[in-house]
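Below, all heavy atoms of this structure are taken into account, side chains as well, without hydrogens, waters or symmetry copies. Numbered from 1 within each chain, the chains take letters A, B, ... in sequence-line order.
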Amino acid sequence: MFGKYKPMWGEKTQLKSSYDAVIIGGGLHGLATAYYLAKDHGITDVAIIEKNYIGFGGAGRNTAIVRANQRTQYNVPLYKEALDLWPILTKELDYNLMFNNCGNLNLMHSEAAMKAARMTIATAQFHGVESHLIDAKEAKELVPALNISEDITYPIHGAMFHPPGGIVRHDAVVWGLARGASKFGVEIHQQTEATAVNTRNGKIVSIETNRGTINTNKLLISAGGYSAALIYGMVGIKLPISVLTIQAMVTQPLKPLLDHVVSSGAYHCYANQTLKGEIATGAHMDQWPNYTTQTTAHYIKHQGEALSEFMPCLRGLRFMRIWAGLADMTPDMAPILDGNDHIEGFYFNCGWGYFGFKSCSASGKYMAEFMAKGQAPDMIKPFNLRRYEQHKLMGETAELVTYTPNN
Amino acid sequence: MMTRINQLPTLRVDPTKKVVFDYKGKDYVGAHGDTVATALYYNDVRIFGRSLKYHRPRGLYSLDGECSNTCMEIDGIPNVRTENTLVKQGMKVKEQNVKGSAENDMMGFIDKLDFMMPAGFYYKTMHKPASIWPVAMKQIRKAAGLGVLSPDFEMPGKFDQIFPSADVVVIGGGPAGMSAALASADKGLRVIIMESRPWLGGFFDYRTFDYRDENYKNNKQLYSRARELASKVESHANIRVFTHTSVVGTYTNNLVTGFQIGKDNDKFTERYIEIRANAVVVATGCIERPLIFENNERPGVMQVGCVHRLARTYGILAGERAVFSVGHDLGLEAAIDLFDLGMKILCVADVREDGQNPHLMIELAKRNIPYLKGWVAAEAKGGKRVKGVVMTTLDGTISRDFDCDLIVASAGFTPLNGPLTLAHAKLRYDSHTNFFVADKMPEKTHAAGRMLGLEDSLSIEASGVIAGLKAALDCKLMKESYGNSDVDALKSEIDATVAKQKELPGPARGSKFVTAPVKGRKSFICFDEDTTIKNIRQAIEMGFDVPELIKRFTSAGTGPGQGGIPGHNLPLYVAKYLAASGAPPKPTTVRAPLVPTLIATYAGSKHIMMKRTPMDDMQRADGGVFRKIGVWERARYFSDDFSCKKEIENVRNNVGMLDGSTLGKFRIHGPDALKVLQRVYVSDMSKVKLGRVKYSAMCNDDGCVIDDGVVIKLAENDYYFTTSTARAGATIEWLRYHTRFDGWDFYVVNLTDSMGVINLSGPNARKVLQKITSEDVSNSAFAFSGYKEFMVKDTIPVKAMRLGFVGELSYEFHVPSSYMVSLWNMLKDAGKEFNIQNFGVEAQNVLRMEKCHIILGQESEQRTNLLDLGLGFLWDRTKKDAKTVGAVALRQAENDPTRFRLVGFEMENNGRAARDGALIVDDKVRGYVCTARDSFTLNKAVGMALVESHLAKVGTRLEIFEDECGGERIYGTVVPMPFYDPDGTRMKS
Amino acid sequence: MSLTITCPICGKRNGYEFRFGGEDKGPRPDEDSLTPQRWCEYVHLNECVAGVQKEWWVHKDGCGSWFTIHRDTVMNVEVAKPEADR
């Protein structure tokens, strides 16, 4: 019924001395870019260089929420396309990505927040993405566990309900893309560390790894939380990024209780129920740069306090496991997709903060097009690095996210 | 019901005290001190639940809650670990994840369908055609999960939290932990010891003789040694004991968290404990490493400690006819002791070919217990409970059947390294002990006892003493706290103790055996997730060659047992399977909480804290509708009419008063005070005149406006200034940040909470003011933008400003908070004849919008700069030496035509106001509506919007796209600002 | 993790009493002949060191001072000032 058990992403092979394109980072964006390079552009002589194992970083540490209810006109279409790609990829990859299209409920705790939500919803609707403002009672009908009384720190005024969103099995995306890419001939080299990038006359010529030199004139660094340090360290480009540790946790598994993804900005908390029945919840980041994936006592307690208020029935559940990953935050909460500018043939894709999972398919698709043609496709042009020196921050957040004093 | 062995000195139950509880609607009787699990077992319950995937029957296995098999619903709370929960009178207990009952589960047939569910089968099925997935998913969701929780469930009990500090925290109250605690405490240090069981004693608590010593009969029995240590610990003035307290997290810098379960007389059900210590001793001991064979989790297969503790601690003999299949000396010891307690032991198989303690073998022989060296259990027989076992040689060539009702199985030990790895210890595989041991310890952290591989009881105690002394040394080396006292003496004491311990037996050799020679179709490596070793092999063949990845792909170790069952076997098995690669076993990651912990417990006793102004009660009495806004509760409306018509009209026509106390209020003074203001405000603050109010703004380094407010000069280099409510908390930090390299001399004081603010606005405002003060407040004496200080009734010092935020004649009074109520009442009385009324934040919002006065955060977001808002007139470009924050970016951006502009607009054709947040569009988004309202004053709908600059010209038609408009646009026209009283006559007269 | 930070005035305290204030980039660059690139670098760009970096903190729930510490961003612990910086 299931055939022989074969290695999903090919037998381990020797590292060649040259590839048409090299991708540093075996996470979702790297894998997706490789997949689309091969599938859409016929560039199959591609090596993915992964220091650890594929999906080690944010790809395996996120809480698998997908949605397209971003704030600006630049972001919404990109995330919409990413959202639309889940069923298509399930079919293309012949791998069940387990898209649970349960919809997202983003709670609003003040009249000001309701106004902010209206703008986001109008932006979504303007771009053909379904999203609605609902009141507290309607929210409670969708999520009976909600406490809509006034008697909590941040009473619930209403919610932004976004039916097209949901949850995708994140590990499946990693494995499915890896399998899909390797079927086209892409080589995935795990336990392989890139140590240097060599340029000549402003062009990429090769990279050094712990397993030898690889010649290439197309290089992408998309290493999630490690991108900024790698890009500055190996290529010398400084980025407007702060790498923060972000935490998430799950409770013991439970029979179905939550039918939607619930999130709250005021409580710094989101929760959804996985297919296994665990309540997955998270969101907190300590507001200073970190490469640690150690979790904090402070946060798991905070999460207990927050959930106790707005979904009090969960008080009877037990946390089972907390973990952490890295989020590379930019001041405008929008990513940086750039390349072939500062150095010919050098591309980078980073700054996704905690949105890297939901966007990976579309980001990979357009980065592949960018790398194949050398020209940024319109969809991702606004995400260039130069916007920061032009004082053209993207406004994905109403409040600037700089880790200097509070502003 | 079974018979209890009532007279054992090791008992922790009191069989004379009956506890009646409810299991599935029937009364059951246990003894005081029983856990729910032991009480049920005593009442002949053998099947505690059904497994997650295959619905296999499951029962007691470890007695320490290392798998979800024995989780039940207790008093409505799902997934309670019955092995760790004391039974209480009246408890209501129910089994979980069964259709029918645990005994007869209608879903039990799924066990036969395992061939359809190899590792990762979900990913390869149910997506073709796409339409079946949503249907399948629903079924998966229903099948998954263990317990049930209702959305209106209310958690009973009281939850508490404490944050004690200590010099040394000892994790684990066994012989090593107790020795460590005593050693540290004897050096004068404050020690906290945390033990997960309700009593101190660890694995000494249920043991009698250590038969490995030839003269064992002359030695103190181990349980009595444990009690001796415990009473010393409990009576030590420097030691605080937390029993029934699980450690759940350890962190760098020696932070330890845990929770305690309340005893009968405690005022809490559970309480969260967070301890900041200077040094940590980890003496958590070991759990048993499961032996893997066919049906190795049948009810009736138990670990050594489970059977031994059932007998010694609870007085229950787990079975009548037992077969042992073990890999360590403690297994042999248990067989001897249980035999002496009356259990029939058919044979003891030992997977070790050599290395057994000879004295134990002699004791076995003395009792005629058959001993099979190099044999192992291969398959448990029996459906719902064990009826027999097939034993085999390690190579599987010879086998023998036994009829038995109990299989005591244990491959080896697993050190409980969690508290070390959570605090960032790196683990290394040690092939002698077959343990993962800490290679690099966290700072000021020491391990002791069994987790180091020690088995000898004296050696274990000695290792505890050493760890305790080392922790004491860590503390004493912290000069600032302890003054470096006694350090040298302590160092030599440590050396001496280490030398003495070296004479005792060191770490014992650990068995490497994982699985019997079987195909492994029903040989479970993880009970929670029903993962078999066959699944593990499948995963490895598919390319998942790291234990951490296999965990993700097969789910092994991701269940409520926190990896206790598979945590050690998985890496060993993977390494063995991939032996050709030569790589040593790699541990899987342990994560907090180390045991599942209630959300209610983490939440503890949190209180909701909000700030209230001095006028809070009075405004509530006047019918104020309050909202939480930032850290404050503020009166947003004064009626149920949220359009605030009456409030607005009263300000425009009569007079209104508003509580503005939440404004940030500061005094800055000192020789360099002006320089500071020049740095952070965009205007030239040297031009601020005495007796005048200066409005200005602060920008960030991107030129974006972060604050606006007024500045008043009190004297040379002495200023009073206000900030927006939201900025109050961050202002001093901001000032100090932007002057941090300058070494300027200034003082800045936050007066936000010590001063209250009343805003008195409306054409009658002066008349009201004149009634309470003799001060000349005529328009000539106290003009617009003027500032005055005067006393009211010779008592209340008032700082008064003539402002015009709402566009009327308007005064703002800043008074000490303690006088607020008095002044408020005076104004209210004085204003009666002029029809004075309260107005709230929303009315103010509309009033100021009609005047096109901005509120930051409403008319701006943090990428909106000073020029975008049309506030460029505030910016003084000539004060370059001031290095004004934001000026660089403003210069760089000032000629950029692509930036947004703030515009005023009115709706076409007398249309209703657009909603706040509506978009300005053509075929793209070109801006958005900041604030828009139907203006009662102007009789039309007006608003402000941020739009691309090409749309900013007066007369431009704005196409507005609202949420839920269904594509139907509404239209407005850009008009000059402000809408109301454009020349400001009203506020200036 | 549980960061502690040593305030020059108040001593070693819980890290949550403080607010991070950015990598140390030195005083504001001179405004004469300042390019947008250089200004952007000062305001927004970071080295994102995975290791020990010098950085600014403010004791927000304490004395309010701004000061620098050295911190290992991989372990999230304050470390002693390196010899070169003394």
Find out whether A:F56 and B:E548 are in side-chain contact, i.e. whether some heavy atom of one side chain is under 4.5 Å from a heavy atom of the other. no
Between NE2 on residue B:H127 and OG1 on residue A:T90, distance to nearest 0.5 Å: 7.0 Å
Which is it for B:M137 and A:F99 under the side chain to side chain contact (heavy atoms under 4.5 Å, CB included) test, yes or no, and what are the steps along the way? CA-CA 9 Å; B:M137 191 174 63; A:F99 180 26; over 6 Å; no
If one checks every heavy atom of B:D923 against chain A at 4.5 Å, the contacting part turns out to be backbone
Atom group of A:N147 that falls short of 4.5 Å from chain B, counting heavy atoms: neither
CE of A:M320 to CG of B:L594, rounded to nearest 0.5 Å, is 13.5 Å
Quick check for you: among B:D545, B:I599, B:V590, which has the greatest number of heavy-atom pairs under 4.5 Å with chain A? B:I599
Would B:E154 and A:C313 count as a side chain to side chain contact (heavy atoms under 4.5 Å, CB included) here? Give the steps. CA-CA 6 Å; B:E154 279 178 39; A:C313 70; over 6 Å; no
Does any backbone or side-chain atom of A:L307 lie under 4.5 Å from a heavy atom of chain B? Answer side chain, backbone, both or neither. side chain
Is it the backbone or the side chain of B:Q538 that comes under 4.5 Å from a heavy atom of chain A, or both, or neither? both
Part of B:V925 lying under 4.5 Å from any heavy atom of chain A: both
Between chain B and each of A:M114, A:H109, A:R71, A:Q190, count heavy-atom pairs under 4.5 Å; write down the option with the most. A:R71
In terms of heavy-atom pairs under 4.5 Å, which option from B:G249, B:P78, B:A423, B:A539 contacts chain A the most? B:P78
Interface moiety of B:A130 toward chain A, non-hydrogen atoms closer than 4.5 Å: neither
Does any heavy atom of chain A fall under 4.5 Å from the side chain of B:A119, the backbone, both, or neither of them? neither
Counting only non-hydrogen atoms closer than 4.5 Å, does A:T251 touch chain B with its backbone (N, CA, C, O), its side chain (CB onward), both, or neither? side chain
Side chain, backbone, both or neither: which part of A:P87 has a heavy atom under 4.5 Å from chain B? neither
Is it the backbone or the side chain of A:N52 that comes under 4.5 Å from a heavy atom of chain B, or both, or neither? neither
Just so I understand: if I count every heavy-atom pair under 4.5 Å between each of B:G703, B:G543, B:G147, B:S150 and chain A, which residue has the most? B:G147
Answer yes or no for B:K628 and A:Y154: cation-pi contact, defined as NZ/CZ to six-membered ring centre under 6.0 Å and angle to ring axis within 45°. no
Fit a plane to each ring of A:Y95 and B:Y123, take the angle between them on a 0 to 90° scale, and name the class: parallel (under 30°), tilted (30 to 60°) or perpendicular (over 60°). parallel
Tell me, for B:Q161 versus chain A, whether the close heavy atoms (under 4.5 Å) come from the side chain, the backbone, both or neither. side chain
I'd like to know which of B:Y122, B:Y272, B:W133, B:F153 tops the heavy-atom pair count under 4.5 Å against chain A. B:W133
Quick one: NE2 on A:H391 to CD on B:Q892, what's the gap to the nearest 0.5 Å? 4.0 Å
Of the backbone (N, CA, C, O) and the side chain (C-beta and beyond), which part of B:E529 lies under 4.5 Å from a heavy atom of chain A, both, or neither? side chain
Which answer fits A:H127, side chain, backbone, both or neither, if we ask what part of it has an atom under 4.5 Å from a heavy atom of chain B? side chain
Atom group of B:R736 that falls short of 4.5 Å from chain A, counting heavy atoms: neither
Go through A:T292 and B:H424 one step at a time and tell me if the side chain to side chain contact (heavy atoms under 4.5 Å, CB included) criterion holds. CA-CA 10 Å; A:T292 180; B:H424 266 177; 3.5 Å; yes
Would A:H132 and B:D963 count as a side-chain hydrogen bond (donor to acceptor under 3.5 Å, both in side chains) if you check the C-alpha gap in whole Å, the side-chain angles of each, and the deciding distance to 0.1 Å? CA-CA 8 Å; A:H132 307 284; B:D963 62 307; over 6 Å; no
If you count heavy-atom pairs under 4.5 Å with chain A, which of B:G559, B:A918, B:P134, B:G604 comes out on top? B:G559
With chain B, which of A:H302, A:E111, A:E150 has the greatest number of heavy-atom pairs at distances under 4.5 Å? A:E111
Positive for side chain to side chain contact (heavy atoms under 4.5 Å, CB included) with A:L317, one of B:T597, B:L598, B:I77, B:L149: B:L149
Comparing A:M8, A:K12, A:R179, A:E389 against chain B, the one with the most heavy-atom pairs below 4.5 Å turns out to be A:M8
So, taking the atom named CG in A:D171 and the one named CZ in B:F553, what distance separates them when rounded to the nearest 0.5 Å? 10.0 Å
Interchain contact, A:K91 with chain B, by part (heavy-atom threshold 4.5 Å): neither
Can you say whether B:V80 sits under 4.5 Å from chain A via the side chain, the backbone, both, or neither, judging by heavy atoms? both
Looking at B:V595, B:D916, B:N79, which one has more heavy-atom pairs under 4.5 Å with chain A than the rest? B:N79
Check ion pair B:D896-A:K392 (N to O, under 4.0 angstrom): yes
Just how far is it from atom CZ of A:R321 to atom CZ of B:R591, taken to the nearest 0.5 Å? 8.0 Å
Toward chain B, the part of A:Y53 with a non-hydrogen atom under 4.5 Å: side chain
Have B:T257 and A:K301 got a donor and an acceptor in their side chains that come within less than 3.5 Å? no
A:M394 versus chain B, heavy atoms under 4.5 Å apart: side chain, backbone, both or neither? backbone
Which of A:T72, A:L97, A:L133, A:I152 touches chain B most, by non-hydrogen pairs under 4.5 Å: A:I152
Where on B:R141 is there a heavy atom nearer than 4.5 Å to chain A: the side chain, the backbone, both, or neither? both
Would you mind checking which part of B:D528 comes under 4.5 Å of any heavy atom in chain A, side chain (CB onward), backbone (N, CA, C, O), both or neither? neither
Before you tell me yes or no, could you show the steps for A:Q294 and B:T252 under side chain to side chain contact (heavy atoms under 4.5 Å, CB included), namely the whole-Å CA-CA distance, both residues' side-chain angles and the distance that decides it to 0.1 Å? CA-CA 9 Å; A:Q294 198 182 41; B:T252 46; 3.5 Å; yes
Where on A:Q390 is there a heavy atom nearer than 4.5 Å to chain B: the side chain, the backbone, both, or neither? backbone
Checking B:N97 against A:K255 for the side-chain hydrogen bond (donor to acceptor under 3.5 Å, both in side chains) test, could you report, in this order, the C-alpha distance in whole Å, the side-chain angles of both residues, the deciding distance, and whether it holds? CA-CA 9 Å; B:N97 203 36; A:K255 294 293 177 195; 2.9 Å; yes
dist A:Y299:OH -> B:Y602:OH (nearest 0.5 Å) comes out at 12.5 Å
So, the part of B:R552 with a heavy atom under 4.5 Å from chain A: the answer is both
With a 4.5 Å heavy-atom cut-off, do B:D702 and A:L393 have their side chains touching? yes
B:K128, part contacting chain A, at a heavy-atom distance under 4.5 Å: side chain
Measure the shortest side-chain to side-chain distance between B:P593 and A:I300 over non-hydrogen atoms and say whether it is less than 4.5 angstrom. yes
Please classify the contact of A:L146 with chain B as side chain, backbone, both or neither, using a heavy-atom distance under 4.5 Å. neither
